[in-house]
Amino acid sequence: MEFKTPSGSAITDPLATAGGAVAGAMLSKATVGLIHNPVASEDAETIKKDENALLFKRAGLTAVGLAAAMFITGKDGLTTAAKGAGIGIAVVQSLEIIKVLASRGGVTADPAASKAKKALANAVGLGCPCNGGLNASRRRRRQTGRLNAPVYAFSNMDKFAPAAKSLESLGSGGGLDKWAAKQLLAA
């Protein structure tokens, strides 16, 4: 292996390939959004069928990307970018397929797992505990009876309400509740 100063096509070809790969990856994600409408259902069987349909669509896009990378011929920059786009499509969709299949196979981002299992979970895109796979929020809601959404406690919001000095008619105390009551009366 030798390192030389790059010039000409040694610079433009990798840039065109990388740019095409990024564009192809973005295009493939947009295409999945256009060709797949997730099913809003609580039924586990319906959710599984929806996930399987998405896997087949992703496999089709992977095949299209690989075919584009293999069958496009030429030596110019546009051809190189088009091959890179095919590679980007195939890589992104393959990673999404692997992520779903690994999630089904029991690969999780368990904090108590061994370093090898954590590394595997990170490698397949399951390293973040927020990644529960497809329809994770529906499964979570089904298991816990609630959706994991932020809960706001307004009881400690008094420090954000106007002081009682500016609202003399509210009495000695200020607070958000009294300020809101004043706003409702004024409306």
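Since the model is a prediction, treat every value here as computed from it, not as a measurement.
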Non-hydrogen side-chain atoms of [X] and [Y] separated by less than 4.5 Å:
X   : Y   : value
V32 : Q93 : yes
E51 : L55 : no
T80 : T12 : no

>> Taking CE in M70 as the centre, count heavy atoms belonging to other residues, nucleotides or ligands within less than 6.0 Å. Is the count above 12?
In response: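 Buried by this count: over 12 neighbours within 6.0 Å.
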
> Which other residues belong to the hydrophobic cluster containing F3, where Ile, Leu, Val, Met, Phe, Trp and Tyr are joined when side-chain heavy atoms lie under 4.5 Å apart, directly or via other members?
Replying inline: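 Besides F3, the cluster holds M1.
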
How close do [X] and [Y] get, counting heavy atoms only, and between which atoms?
X   : Y   : result
P14 : S9  : CD-O, 3.8 Å
I35 : K57 : O-NZ, 3.0 Å
S28 : V92 : OG-CG1, 3.8 Å
I89 : L61 : CG2-O, 3.3 Å
I87 : A69 : CG1-CB, 3.9 Å
K83 : I72 : CE-O, 2.7 Å

> Out of curiosity, L34 CG to L27 CG, how far, rounded to the nearest 0.5 Å?
Replying inline: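 Rounded to the nearest 0.5 Å, the CG-CG separation comes to 9.0 Å.
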
> So, T62 side chain and R58 main chain: donor-acceptor pair closer than 3.5 Å or not?
Replying inline: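 The answer is yes, because a donor-acceptor pair under 3.5 Å joins these two groups.
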
> Just by modelled atom types, is the K99 backbone N or O under 3.5 Å from a matching donor or acceptor in the S103 side chain?
Replying inline: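 Checked: no pair found.
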
> How would you list, by chain and number, every residue that makes a salt bridge (Lys or Arg N to Asp or Glu O under 4.0 Å) with K49, sequence neighbours excluded?
Replying inline: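 Salt bridge (Lys or Arg N to Asp or Glu O under 4.0 Å) check on K49 returns E45.
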
